[in-house]
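A short worksheet on the structure shown next.
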Amino acid sequence: RSKSHKKVLAWFDQRMPPSQAGKRQYIRLLLQKKRHKQAISVWRKLFRQGAKIPAEISQSMDKLGVRPSQKDYKALARYSLRRGSKKSFDRALKNITGTDRSYFQLLSLAYSGANNFPQELKKQSAKWHQAEELWTQWAKALRKKKKYKQLSAFLLSKRAKLVKERDRQ
């Protein structure tokens, strides 16, 4: 069995498993071999994809003193928004602190193509008024939802310059 584990580990070392199940198995093998730094790296990838982390892996990470960081929660929030996973996004948002939480709430509005996005943005920090990510995602959502009248008005406004050329077409 240990010989087959060595082969599987050698295979995974050369090729990151594409599936979440494969990544979980890879983490287990890395932990068995005390390759903690690599196990943590793969765990972060898995966490940021909103994957279910088995209890034994979570316990191992706890013993190593590893906890999700704000950066991990922000990555999970963005991933969840791209995938349309409200449950995963809400879990991430609950753990995002400070003004970043408000930013991600706005980003969620932008991803949804909410009509009130520009008005809600006006209530927030002035630095966010120029945030390319917010405007780009809102424009993409308007296009996806076929809200062409709103999209046209936006693209003709001064704010359209905040969206990259490729995303304006």
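Checked against side chain to side chain contact (heavy atoms under 4.5 Å, CB included), Asp90 has the following partners two or more places apart in sequence or in another chain: Lys86. Evaluation of the side chain to side chain donor-acceptor pair (under 3.5 Å) rule for Gln105 yields no partner, not counting sequence neighbours. Looking at residues two or more places apart in sequence or on another chain, you find a salt bridge (charged side-chain N to carboxylate O under 4.0 Å, His left out) between Arg35 and Asp13. Remark: Arg82 pairs with no residue by the salt bridge (charged side-chain N to carboxylate O under 4.0 Å, His left out) rule, at least two apart or across chains. For Lys74, the salt bridge (charged side-chain N to carboxylate O under 4.0 Å, His left out) partners are Asp100, not counting sequence neighbours. Partners of Ser60 according to the side chain to side chain contact (heavy atoms under 4.5 Å, CB included) rule, which considers only residues two or more places apart in sequence or in another chain, are Leu31. Evaluation of the salt bridge (charged side-chain N to carboxylate O under 4.0 Å, His left out) rule for Arg159 yields no partner, not counting sequence neighbours. For Lys144, there are no side chain to side chain contact (heavy atoms under 4.5 Å, CB included) partners two or more places apart in sequence or in a different chain. Scored by the ring pair (Phe, Tyr, Trp, His ring centres under 6.0 Å) test, Tyr73 finds Phe47 as partners (sequence neighbours excluded).
With hydrophobic clusters built from ILVMFWY side chains whose heavy atoms lie under 4.5 angstrom apart, Leu93 does not share a cluster with Tyr79. A single hydrophobic cluster is seen to contain both Ile53 and Val42, as judged by linkage of ILVMFWY side chains at heavy-atom distances under 4.5 Å, directly or through other members. Under the 4.5 Å side-chain heavy-atom criterion for grouping Ile, Leu, Val, Met, Phe, Trp and Tyr, Ile57 is connected to Leu9 within one hydrophobic cluster.
Summarising the geometry, atom CZ belonging to Phe104 is positioned 13.5 Å from atom CG belonging to Leu109; distances are rounded to the nearest 0.5 Å. Distance CD/Gln150 to CG/Asn115: 4.5 Å, rounded to 0.5 Å. If you take CG on Leu29 and CH2 on Trp11, they are separated by 14.5 Å, rounding to the nearest 0.5 Å. Interatomic distance, OG of Ser108 versus CG of Leu81, reported as 5.5 Å (0.5 Å rounding). In this structure, the separation between CD on Gln130 and OG on Ser125 is 10.5 Å, given to the nearest 0.5 Å. Taking CH2 from Trp43 and CG from Leu30, the interatomic distance works out to 14.5 Å, rounded to the nearest 0.5 Å.
No side-chain heavy atom of Gln38 sits less than 4.5 Å from a side-chain heavy atom of Lys33. Inter-residue side-chain proximity for Arg28 and Pro54 is flagged as met; some heavy-atom pair is nearer than 4.5 Å. Side-chain contact between Pro17 and Gln25 is absent, with no heavy-atom pair separated by less than 4.5 Å. Two residues are said to be in side-chain contact when any heavy atoms from C-beta on lie closer than 4.5 Å; Lys45 and Ser41 meet this criterion. In this structure the side chain of Met61 reaches within 4.5 angstrom of the side chain of Ile27, judged on heavy atoms.
No donor-acceptor pair closer than 3.5 Å links the side chain of Lys145 to the backbone N or O of Ala114. Under the 3.5 Å distance criterion, the side-chain polar atoms of Arg24 are matched with a main-chain donor or acceptor of Lys52. Side chain of Thr136 to main chain of Glu133: no donor-acceptor pair is present (N/O by atom type, distance under 3.5 Å, no hydrogens or angles). A donor-acceptor contact shorter than 3.5 Å links the side chain of Lys147 to the backbone of Gly113.
Listed by first and then second residue, the ring pair (Phe, Tyr, Trp, His ring centres under 6.0 Å) pairs that reach into residues 120-149 are Tyr103-Trp128, Phe117-Trp135, Phe117-Trp138, Trp135-Trp138, Trp135-Phe154, Trp138-Phe154, sequence neighbours excluded. The ring pair (Phe, Tyr, Trp, His ring centres under 6.0 Å) pairs that include a residue from residues 51-71 number zero, where partners must be two or more places apart or lie in different chains.
Listed here is the closest heavy atom pair of Ile96 and Ala77: CD1-CB, 4.0 Å. The two residues Ser112 and Ala141 make their nearest non-hydrogen contact at C-CB, 4.0 Å.
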Notebook entry, point to check: Hey, mind stepping through Ser88 and Arg83 against side-chain contact (heavy atoms from CB on, under 4.5 Å) and telling me if it holds?
Noted result: CA-CA 10 Å; Ser88 185; Arg83 304 282 293 186; over 6 Å; no
Checklist line | Derivation of the side-chain contact (heavy atoms from CB on, under 4.5 Å) call for Lys140 and Val163 | finding: CA-CA 10 Å; Lys140 285 180 177 181; Val163 177; over 6 Å; no
Next item on the list: Any chance you could lay out the side-chain contact (heavy atoms from CB on, under 4.5 Å) test for Phe12 and Lys23, step after step, and finish with the verdict?
Entry: CA-CA 9 Å; Phe12 284 163; Lys23 286 182 180 90; over 6 Å; no
Using atom types as modelled, flag every donor-acceptor pair under 3.5 Å from a side chain in residues 63-70 to any protein atom, sequence neighbours excluded.
residue: Arg67; atom: NH1; partner: Asp62; partner atom: OD1; Å: 3.0
residue: Ser69; atom: OG; partner: Lys71; partner atom: N; Å: 3.3
residue: Ser69; atom: OG; partner: Asp72; partner atom: N; Å: 3.1
residue: Ser69; atom: OG; partner: Asp72; partner atom: OD2; Å: 3.2
residue: Gln70; atom: OE1; partner: Thr97; partner atom: N; Å: 3.0
residue: Gln70; atom: OE1; partner: Thr97; partner atom: OG1; Å: 3.3
residue: Gln70; atom: NE2; partner: Asn95; partner atom: O; Å: 2.8

